[in-house]
Amino acid sequence: MVSLGIFTLISTLFLVLAAVPTTASSSKLSPNYYDHVCPKALPAIKRVVEAAVNKERRMGASLLRLHFHDCFVHGCDASILLDSTSAFDSEKKAGPNKNSIRGFEVIDQIKLEVDKVCGRPVVSCADILAVAARDSVVVLGGPTWAVQLGRRDSTTARKTTADKDIPTPLMNLTDLINNFKKHGLDERDLVALSGAHTIGSAQCFTFRDRIYNEANIDPKFARERRLSCPRTGGNSNLAALDPTHANFDVKYFNKLLKKRGLLHSDQELFNGGSTDSLVEAYSSDAKAFWADFAKSMMKMGNINPLTGKRGQVRLNCRKVN
């Protein structure tokens, strides 16, 4: 990805660019996009994220998931934040998101704080999602990376696309590989990004079939999970995705080697297929996992961004201007 600054030819032109970023700097993403427009923006996002995650560790995983589910639906454009209108149904109602996606209040809080320190709405909701995801990982002990910035916000939501394009916990390895490939991501990206399941929790209904009906699962682990996930009822009961679910580490991969993946899609990454070697590598090399995770997050964050004059910078992340 290319790092570009805000061009300053003369002071008058600088003022124009600072107020409404245009020209080359707005046609491509850059980690320096807000350096002149609003240098206080990223520190403000970090403060709110740190406070929210320190208050509830699970929120870090929720904010990371928001960015992931946003990018997999027609690109990283904050469409996931839009509420339903007469013109479109919200992506919040899509199967992979309904009654599970969360963190919207934190994004609202970030937006208010950023607009306050910037003096005007110059930071897009899409960029807020990308930065909040990075900052959440850092708070939970994971790697950092230079978030590419300059995305603009969509003016519509795509619930039908969300139903089709967001990976589900029931997918097999072939389906997962094809799904990621559709978004320009390869097998290394698949395994690295799946490593985000080292933090957070899953609801009973997403892993019930695995713990009662699948064979490639550690029997003791299955019995333990059944205690809080009955055959019927308890759909929203939570279970940790890995034993140290509030820390960004490699325990997720260690668990897959022992057939203790909570979700069917998790264990598919280590089940005699083409991704086994990557799981094994990451399980014993946190440095390699962190490096690949950071690269894959930057790659995912560059999926079909709206730049230049496309889209808008929303005044309220939940609705179109």
If only atom types and distance count, is the side chain of [X] paired as donor or acceptor with the main-chain N or O of [Y] below 3.5 Å?
X    : Y    : result
D186 : K181 : no
R226 : I211 : yes
T307 : K28  : no
D163 : A94  : no
R120 : C118 : yes
N304 : G75  : no
K111 : R314 : yes
R152 : G308 : yes
N54  : E50  : yes
N179 : D175 : no

Any pair counted as disulfide (SG to SG under 2.5 Å), so long as it reaches residues 56-102, sequence neighbours left out: C71-C76
Euclidean distance, [Y] [atom2] relative to [X] [atom1], rounded to 0.5 Å:
X    : Y    : atom1 : atom2 : result
L190 : T275 : CG    : OG1   : 6.5 Å
S124 : Y34  : OG    : OH    : 4.0 Å
T155 : N321 : OG1   : CG    : 9.5 Å
L173 : N178 : CG    : CG    : 9.5 Å

Counting C-beta onward and ignoring hydrogens, is there a side-chain heavy-atom pair between [X] and [Y] closer than 4.5 Å?
X    : Y    : answer
L66  : F104 : yes
Q267 : E214 : no
Q203 : L238 : yes
H264 : D209 : no
P169 : R210 : no
F221 : K259 : no

Polar contact flag, side-chain donor to acceptor under 3.5 angstrom, S154-R310: no
Residues R260 and D218 bridged, charged N to O under 4.0 Å: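 Salt bridge between R260 and D218, a charged N being under 4.0 Å from a carboxylate O: yes.
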Ion pair D83/K319, N-O distance below 4.0 Å: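 Between K319 and D83 there is no salt bridge, as every charged N stays at least 4.0 Å from the carboxylate O atoms.
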Please list every donor-acceptor pair under 3.5 Å in which a side-chain atom of residues 227-236 meets a protein atom from a residue at least two apart or in another chain.
unit_1, atom_1, unit_2, atom_2, d
N235, OD1, R208, NH1, 3.0
N235, OD1, R208, NH2, 2.9

Steps toward side-chain contact (heavy atoms from CB on, under 4.5 Å) verdict (D77, R151): CA-CA 7 Å; D77 58 7; R151 302 169 189 79; over 6 Å; no
Working for side-chain contact (heavy atoms from CB on, under 4.5 Å), residues S274 and E187: CA-CA 8 Å; S274 58; E187 290 186 24; 2.9 Å; yes
Exceeds 12 heavy-atom contacts within 6.0 angstrom, atom CG of N99: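 Open: at most 12 neighbouring heavy atoms sit under 6.0 Å from CG of N99.
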Derivation of the side-chain contact (heavy atoms from CB on, under 4.5 Å) call for H67 and S136: CA-CA 11 Å; H67 181 46; S136 293; over 6 Å; no
W290 and V137: CA distance, side-chain angles, deciding distance, side-chain contact (heavy atoms from CB on, under 4.5 Å) verdict: CA-CA 10 Å; W290 279 22; V137 170; over 6 Å; no
side-chain hydrogen bond (donor to acceptor under 3.5 Å, both in side chains) assessment of D292 paired with Y282: CA-CA 9 Å; D292 283 353; Y282 292 155; 2.6 Å; yes
Side-chain cluster (under 4.5 Å, hydrophobic types only) that L112 belongs to, other residues: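 For L112, no cluster forms, as it stays isolated from other hydrophobic side chains.
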Candidates H74, E91, H69 - the one meeting side-chain hydrogen bond (donor to acceptor under 3.5 Å, both in side chains) with S79: E91
